[in-house]
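First up is the structure itself, then whatever we jot down about it.
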There are 2 protein chains.
Amino acid sequence: MESNSPKDTLVRSQETESLVKRLAGPSSGKAGLAKDQTEINRIISDASKGSKFYENEKKKDKEVTVRIEKILKYKEEAFKNLDVAKVEASMDHLIEQLEEQRDLTQLIVHVDMDAFFANVELLDNPSLAGKTFAVVGKGVLTTASYEARKFGVRSGMAAFIAKKLCPHLILVENRHWRYSEISDQIMGIFHRYDPDMCPAGCDEGYLNITAYCEEHAMTAEECVREIRETVFRETKLTVSAGIAPNKNKPNGQYQLDFDAKAIKAFTHDLPIRKVPGIGRVSERLLEAIGIKASTCGDIYTQRAVISIMDKQFGLVYLLRTYLGISSNTVQAHTREERKSIGAERTFSTLHKLDDILAKLDEVAAELEKDMQEDGWVGRTITLKYKLDTYRVFTRAKSVDHWVSKKEELYAVRQMIHSSHLTNINILLDWQRPAPP
Amino acid sequence: MESNSPKDTLVRSQETESLVKRLAGPSSGKAGLAKDQTEINRIISDASKGSKFYENEKKKDKEVTVRIEKILKYKEEAFKNLDVAKVEASMDHLIEQLEEQRDLTQLIVHVDMDAFFANVELLDNPSLAGKTFAVVGKGVLTTASYEARKFGVRSGMAAFIAKKLCPHLILVENRHWRYSEISDQIMGIFHRYDPDMCPAGCDEGYLNITAYCEEHAMTAEECVREIRETVFRETKLTVSAGIAPNKNKPNGQYQLDFDAKAIKAFTHDLPIRKVPGIGRVSERLLEAIGIKASTCGDIYTQRAVISIMDKQFGLVYLLRTYLGISSNTVQAHTREERKSIGAERTFSTLHKLDDILAKLDEVAAELEKDMQEDGWVGRTITLKYKLDTYRVFTRAKSVDHWVSKKEELYAVRQMIHSSHLTNINILLDWQRPAPP
DNA sequence: CCCGGTGAG
DNA sequence: TCCCCTCACCGGG
DNA sequence: ATGTCCGCA
DNA sequence: AGCGTGCGGACAT
Ligand SMILES: Nc1ncnc2c1ncn2[C@H]1C[C@H](O)[C@@H](COP(=O)(O)OP(=O)(O)OP(=O)(O)O)O1
Ligand SMILES: Nc1ncnc2c1ncn2[C@H]1C[C@H](O)[C@@H](COP(=O)(O)OP(=O)(O)OP(=O)(O)O)O1
Ligand SMILES: [Mg+2]
Ligand SMILES: [Mg+2]
Ligand SMILES: [Mg+2]
Ligand SMILES: [Mg+2]
């Protein structure tokens, strides 16, 4: 590896850049509060360097790079014998069809509590006001106060990394039962505005307020303001609202004009990374195929490439994003029923099979308990385990009867064929639709 | 089974009816030449009764009946909480979209030789003129002269059954090499009219004659007449043409008006069984869900049911059929590349493993030869074998390298776990698209 | 991927 | 003498 | 069906 | 010292 040709240097520097960005964590790129992202990334990178975690991230990053090269090669090849104009015309036709499905008659709003866990902690401990603090569980931050976020501290970040970024950071332990209480409370409020509301996580939901606005002769803006005031009055917590993803957090709301033009103008300059479903990997992939400015506007420009890589990128999904048409379910409804249940535990590396099996037993016991509480059963058992290299294996087995007992879960031990384990996960589901 | 309630009697009689119809063979219902189908069916049924073949057909028939019951139950249930009007409106919208894809600018014609193998035999042996004769291979008819067809004799029928229907039937042995010669000859002729023509079997093809008609200032009708005359002049064999399936065989052509109205009027009264892709099973299933008159017109009537059973019936496919829009590939082109190759042999029941393995070896040898001739290799080997009950088993194994040698094919012997074999088949393919 | 089923010629 | 043989495609697991 | 990867809270 | 837990979904095989 002594080559120093310009091309080689460029490639390596690119890889380093993407790796550094990757190390910033999956939720990086969502909020844009931090001043100097480059400096932050450097601190994170330095703090990680040398660890097995770092090595694994490097490997993953490399894999994405290789994947990009393959995609580019395929694109090159495919474009040789391809009538681009024809494909684009075909896409335009598809776009027209999707456009037809646009429904501007429904008032859909997305509401999401501000720094949820953190503000709940603040509520119960006012001395935290104005402080840089974060909520932590198992060594990882679940969220951070807005003061802390200015230092680059984010959800999903290892606590010790956050400390490097923000030495005075106060760490508060998770209190899930408390968040559940408040969550129930706010969901109750949301329900008043839309009985069919669709919860999307413990602190947010999609509401169809068309009927409510009609009945109360309100504009959507007035209605959302009322929702936010109600939440604040009853919980003393702030909530933001708007079309997803929220434009102006915290404690704000954003009203987009209800016409196709305005919506498309909005998405045109929206970085794809903000789109739900586009994470750090998809962002790199899309950038590679020509979404240079990383905005949704480029989805249209690159519709030909996307169309020949439908499976990889999700043609219709991206076009909908470009058009600003969310799912075709006008009703944000969709009553959720659980589709899987699982339990997972991480521990310091275990080598002896007996120790591993003991851990497995603990996880199985915990899962059995959760299943009993939920009254849930399954027929496909999946064992997932992680080595100290962070490499992950999954082994699954479907059976012809319903499983609910610890003993049956524990049977997956037959599928462990490695040592150096650091994590065990048991998951149950029933594949496909619903059981009779 | 002593119940004689009206319902029970009805059910049993229906089953018998469907079974009798089934026994008439898969290609029954295509040609409507025979006078008294009921009498024919009775003869076939009587000749089959008691055999293992018959028992198997009965079992299959029963399975379809059960399948129908399940479908009807599901339909019943689904329709309870279903806004039929809404679903139909949605279907109408889909139909509009499909209608948009209708392309009346291309002149596509389907040409198909009359009683191909039989007429080739007649050509080489004029003494067969006017006789009731059929071409036979391995005890099964490949085709029959039109004179013989009047007796109910059909392709795919066992020779000994055909003899019962038509005692004076003359049987002529298959001479494949000869049909190949003629096939090449006629394909050559078709090519003159469309270099991109799509062969669809040894005696037929789809031709896009748009360009030819344009260049020679001909109508489609004139062009097709010329094609047929050319074929007759150069081969002394007759060919029919028209939209598939051919309307007036033999030696005819059918011209459908090139407007949506006429096409839909045509399909409206077309029995679904004539539609390529709808066989004896699909016909029964569709009839069960309400395609009562068994015509494509009912596809529209029953669009709601079909839409909720998309997977079972192929919603878009059926709607396209109703609209008379064939595949969206305006170009009948699609250069074919082989996707699998296999060899199969039927024999009198073998019990001893050694005997079975000897047969397997023969089949493997034959396949290897065919593969060598074709220069074809594969990576997924499928073994299929049939018991004397006609029950079929399939066992497949993919490997990470290209297989072409007899020895590797013969390795599938590990997957035989039965006795009483009457048939062995080895097949090779490579799953999905193309290898590099 | 693996298996069974349907259909065509 | 007692129901073939080759190939393609689909849907479920 | 099994196995891997991606994304979100 | 050092990077978790629980879920849904898409895709390849
Ligand atoms: N990576 C994570 N791991 C565990 N819990 C998380 C993670 N991300 C978020 N959470 C939890 C804690 C959050 O307070 C809660 C709601 O998430 P989210 O709405 O995305 O952020 P937030 O409410 O903390 O801040 P924001 O003001 O940006 O909405 O879910
Ligand atoms: N079931 C079968 N098994 C073996 N060969 C068959 C079978 N069906 C058809 N063939 C062979 C023999 C036919 O002459 C040839 C062309 O088939 P096809 O066009 O359907 O019938 P045909 O040409 O004999 O009569 P038609 O006049 O109805 O077209 O393919
Ligand atoms: Mg939030
Ligand atoms: Mg949230
Ligand atoms: Mg023919
Ligand atoms: Mg034919």
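A note on names: the letters A, B, ... follow the listed sequences, proteins ahead of strands, and every chain is numbered from 1. Side chains are part of it too, since the values below use all heavy atoms of this structure and drop only hydrogens, waters and symmetry mates.
When the nucleotides F/dG4, E/dG7, F/dC3 are ranked by their closest atom to the side chain of A/Ser282, E/dG7 comes out on top. The side chain of B/Glu344 sits closest to D/dT6 out of D/dT6, E/dA1, D/dC3. In this structure, of F/dT5, E/dA1, C/dC2, it is F/dT5 that holds the atom nearest to the side chain of A/Thr346. Closest contact between the side chain of B/Val140 and the listed nucleotides D/dC5, F/dG6, D/dC3 involves D/dC3. Here the nucleotide nearest the side chain of A/Gln431, chosen from F/dC3, E/dG3, E/dA1, is E/dA1.
Look at CG on B/Asp429: it is 15 Å from P on C/dG4, rounded to the nearest Å. When rounded to the nearest whole Å, the span between CD1 of A/Ile186 and P of E/dA9 equals 14 Å. Between the OH atom of A/Tyr179 and the C1' atom of F/dT5 there is a distance of 15 Å, rounded to whole Å. Here D/dT6 presents its P atom at 10 Å from NZ of B/Lys384, a figure rounded to the nearest Å. Atom CD of B/Glu283 is separated from atom P of C/dG5 by 20 Å (rounded to the nearest Å). Here the P atom of nucleotide F/dG4 and the CG atom of A/Asp388 are 13 Å apart, to the nearest Å. Between B/Lys386 atom NZ and D/dC3 atom P the separation is 10 Å, expressed in whole Å. As a whole-Å value, the separation of B/Ile161 CD1 from D/dT1 P is 14 Å.
Comparing A/Gly279 and A/Ile381 by the nucleotide of DNA chain E whose heavy atom lies nearest to each, the residue mapping closer to the 5' end is A/Ile381. For the pair A/Ala200 and A/Glu63, nearest-nucleotide mapping onto DNA chain E gives the more 5' position to A/Glu63. Heavy-atom distances to DNA chain F give each of A/Leu367 and A/Tyr390 a nearest nucleotide, and the one nearer the 5′ end belongs to A/Tyr390. Residue order along DNA chain F, read from the 5' end via each residue's closest nucleotide, puts A/Asp370 first among A/Phe313 and A/Asp370.
Between the side chains of A/Ser240 and A/Asp112, not a single donor N or O lies within less than 3.5 Å of an accepting N or O. A donor-acceptor pair shorter than 3.5 Å cannot be found between the side chains of A/Asp429 and A/Ser340.
Within the nucleic acid shown, A/Gly137 has no heavy atom closer than 4.0 Å to any nucleic acid atom. B/Ser48 comes within 4.0 angstrom of a base, heavy atoms only. Backbone-only engagement by A/Arg67 is indicated by non-hydrogen atom pairs under 4.0 Å involving sugar-phosphate atoms exclusively. Using a 4.0 Å heavy-atom distance criterion, B/Lys52 is classed as making no nucleic acid contact. Contact annotation for B/Ala343: backbone-only contact, meaning every heavy-atom pair under 4.0 Å involves sugar-phosphate atoms and none involves a base. Using a 4.0 Å heavy-atom cutoff across all strands shown, B/Ser398 reaches sugar-phosphate atoms only and no base atom. Counting any heavy atom pair closer than 4.0 Å across all strands shown, A/Phe116 reaches no nucleic acid atom. Looking at heavy-atom distances under 4.0 Å, B/Ala159 makes no contact with the nucleic acid at all. Contact annotation for B/Phe393: backbone-only contact, meaning every heavy-atom pair under 4.0 Å involves sugar-phosphate atoms and none involves a base. Using a 4.0 Å heavy-atom criterion, one finds that B/Thr380 contacts the sugar-phosphate atoms exclusively. Note on B/Glu204: only backbone sugar-phosphate atoms sit closer than 4.0 angstrom, heavy atoms only; bases stay farther off.
Nucleotides C/dT6 and F/dG9 are separated by 31 Å at their C1' atoms, to the nearest Å. Straight-line distance between the P atoms of F/dC11 and C/dG5: roughly 29 Å, to the nearest whole Å. Distance check on atom C1': F/dC7 versus C/dA8 gives 46 Å, rounded to whole Å.
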Nucleotide by nucleotide, 5' to 3', does protein get under 4.0 Å of the base (B), only the sugar-phosphate (S), or neither (-) in nucleotides 8-13 of chain D, counting heavy atoms?
SS-S--
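A salt bridge is absent between A/Glu366 and A/Lys359; no separation between the charged side-chain nitrogens and carboxylate oxygens falls under 4.0 Å.
Residue B/Lys369 qualifies as enclosed at atom NZ: its count of foreign heavy atoms under 6.0 Å is above 12. The number of heavy atoms from other shown groups lying within 6.0 Å of NZ (A/Lys163) is above 12.
Contact check, A/Thr382 against E/dT2: no side-chain N or O comes under 4.0 Å of OP1 or OP2. Between F/dT5 and A/Asn423, a contact under 4.0 Å exists linking OP1 or OP2 to a side-chain N or O. Taking only side-chain nitrogens and oxygens, A/Arg345 comes nearer than 4.0 Å to OP1 or OP2 of F/dG6. A/Thr394 has a side-chain polar atom (N or O) that falls below the 4.0 Å cut-off from OP1 or OP2 of E/dT4. The phosphate of C/dG7 (OP1 or OP2) has no side-chain N or O of B/Arg280 nearer than 4.0 angstrom. The phosphate of E/dA9 (OP1 or OP2) has no side-chain N or O of A/Thr142 nearer than 4.0 angstrom.
In this structure, B/Tyr385 and B/Phe393 have parallel ring planes: the angle between them is below the 30° cut-off, well short of the 60° mark.
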Is there a side chain to side chain donor-acceptor pair (under 3.5 Å) between A/Thr65 and A/Arg284 once you walk through the steps?
CA-CA 9 Å; A/Thr65 303; A/Arg284 274 192 71 192; 3.1 Å; yes
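Residues that satisfy the ring pair (Phe, Tyr, Trp, His ring centres under 6.0 Å) test with B/Tyr317, not counting sequence neighbours, are absent from this structure.
When all heavy atoms of A/Asn56 and A/Thr389 are compared, the closest pair comes out as ND2-O, 3.4 Å.
Aromatic ring centres of B/His176 and B/Phe117 lie closer together than 6.0 Å.
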